[in-house]
Amino acid sequence: MSDKPKIAVHKFSSCDGCQLAILNLGEKLIELTEIVDIMHFAEAGPVNPHEKVDVAFVEGSITTPHELDRIQEVRSNSQYVVTIGACATSGGLQALRNFKHVDIKQWTQSVYAKPEFISTLETSTAIAKHIKVDLEIWGCPINSKQIIETIRALCFGVEPVVQKDSLCLECKRQGNACVMVTKQEPCLGPITQSGCGALCPSVGRGCYGCYGPDENPNTKALAKRFSGLGLLPNDIARKLHFINSQAKGYLEIGNELGNKTLKDDAK
Ligand code: SF4
Ligand code: SF4
Ligand code: SF4
């Protein structure tokens with residue numbers, strides 16, 4: 001890393017919510033510019049997409065032919081690539097198109113007034129399917145504190161770590177009453193990684209897995225628990241196949257219960 005590292009924030013197919021989470025750092029973002037130079041971050045102002053940088057943060061998934069080329073350029077221009085958010089780490093909500101039964105042409109026609117102007121791939125895939133990724137920060141959106149921690153670690157020559165223990169641990173540390181025990185509400189917390197501060201259980205609702213699977217998800221056991229709460233196999237599959245449908249740990253059991261298969265180019 002250079003004395004004053006250069007960073008970039010690149011956008012691929014996404015809703016921009018993870019970039020907004022960085023912008024929401026407010027004054028901390030201004031303080032950050034004392035230790036790093038922000039070379040490219042279109043949503044914040046600087047636009048230099050071809051600049052060589054020490055760390056590139058990448059938001060969004062690969063869903064267009066142009067993005068297939070652009071991500072290779074980002075990799076060759078960056079010492080470290082860090083993917084941010086569910087779109088970049090697992091393909092995001094838009095990866096629901098990856099299932100075999102989905103006709104993407106039909107979806108495009110039903111959404112856009114002029115579908116002939118839309119150039120899109122059949123699938124939405126995570127950045128790590130296309131290039132080597134050095135670190136993945138999950139969430140929809142991410143917790144911006146993880147960006148600061150990552151930059152700080154890299155500046156001090158320390159390998160950044162993303163905690164991948166179960167959300168239940170974080171939930172218990174917050175002192176929440178478990179929604180599955182007290183309200184019989186399905187919650188993906190036992191198989192989802194921590195990092196969000198157990199936001200949903202803190203306001204009395206079940207987690208829907210936006211931070212993706214934890215390090216050792218026992219999805220089969222949780223599916224059995226959900227079944228005990230009265231959910232049908234298809235309902236359980238829908239819970240697993242949501243924001244992080246393509247993530248290992250959610251995908252397989254969801255496929256089994258929902259009787260789904262992926263298009264070949266999504267595998
Ligand atoms: S992960 Fe969620 S918040 Fe972030 S860009 Fe994708 S859809 Fe938006
Ligand atoms: S509410 Fe969800 S995350 Fe919290 S302890 Fe219960 S199952 Fe775990
Ligand atoms: S509790 Fe679950 S769904 Fe809610 S923000 Fe955290 S990881 Fe996402």
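Ligands are counted one by one from 1 in listed order, and the atoms in each one are counted from 1 as well. When reading the values below, keep in mind they use all heavy atoms of this one structure, side chains included, and skip hydrogens, waters and symmetry mates.
For D235 (side chain) and L232 (main-chain N/O), a donor-acceptor pair under 3.5 Å exists by modelled atom type. The backbone N or O of K6 sits nowhere less than 3.5 Å from a side-chain atom of K52 that would complete a donor-acceptor pair.
Put simply, part of P201 is less than 4.0 Å from ligand 3, judged by heavy atoms. The closest approach between a heavy atom of V179 and any atom of ligand 2 is below 4.0 Å. At least one heavy atom of P190 sits less than 4.0 Å from an atom of ligand 2. For the ligand labelled ligand 1, residue A21 lies outside the 4.0 Å heavy-atom shell.
If you check which protein heavy atom lies closest to atom 2 (Fe) of ligand 2, you get C187 SG, 2.3 Å. Taking atom 4 (Fe) of ligand 3 as the reference point, the nearest protein heavy-atom neighbour is C200 SG, 2.3 Å. Atom 3 (S) of ligand 3 has its closest protein heavy atom at Y208 N, 3.3 Å.
Close approach to G85 involves these atoms of ligand 1, each under 4.0 Å from a residue heavy atom: 1 (S). Ligand-side atoms of ligand 1 in range of P141: 3 (S), range being under 4.0 angstrom from any heavy atom. The distance from ligand 1 to the heavy atoms of S14 drops below 4.0 Å at these ligand atoms: 5 (S). Listed by atom number, the atoms of ligand 1 under 4.0 Å from E59 heavy atoms are 5 (S). For ligand 3, the atoms closer than 4.0 angstrom to any heavy atom of C207 are 1 (S), 2 (Fe), 3 (S), 7 (S). For ligand 2, the atoms lying closer than 4.0 Å to a non-hydrogen atom of C168 are 3 (S), 5 (S), 7 (S), 8 (Fe). Applying the 4.0 Å criterion to heavy atoms of G139 picks out, from ligand 1, the atoms 1 (S). Listed by number with element, the atoms of ligand 1 under 4.0 Å from a non-hydrogen atom of A86 are 1 (S).
Within the set C196, G206, G212, the minimum heavy-atom distance to atom 6 (Fe) of ligand 3 is found for C196. Between the choices G197, G189, C210, the shortest heavy-atom distance to atom 5 (S) of ligand 3 belongs to C210.
Linking Ile, Leu, Val, Met, Phe, Trp and Tyr whenever their side-chain heavy atoms come within less than 4.5 Å puts I84 and I148 in one cluster.
C140 lies close to atom 2 (Fe) of ligand 1, since one of its N, O or S atoms is found at a distance under 2.8 Å. Among the atoms of C15, an N, O or S atom falls under 2.8 Å from atom 8 (Fe) of ligand 1.
Residue L167 touches ligand 3 through its side chain alone, judged by heavy-atom distances below 4.0 Å. Under 4.0 Å from ligand 2, the heavy atoms of C171 that appear belong solely to its side chain.
For the 3.5 Å distance criterion, the side chains of H50 and E73 qualify, holding a donor opposite an acceptor.
Pairs passing the side chain to side chain donor-acceptor pair (under 3.5 Å) check and including a residue from residues 160-189, sequence neighbours excluded, read D165-S194, N176-S202.
Taking the six-membered ring where the residue is Trp, F12 and H10 present tilted rings, their angle falling between 30° and 60°.
Between K4 and D37 there is a salt bridge, with a side-chain nitrogen of the basic residue lying less than 4.0 Å from a carboxylate oxygen of the acidic one.
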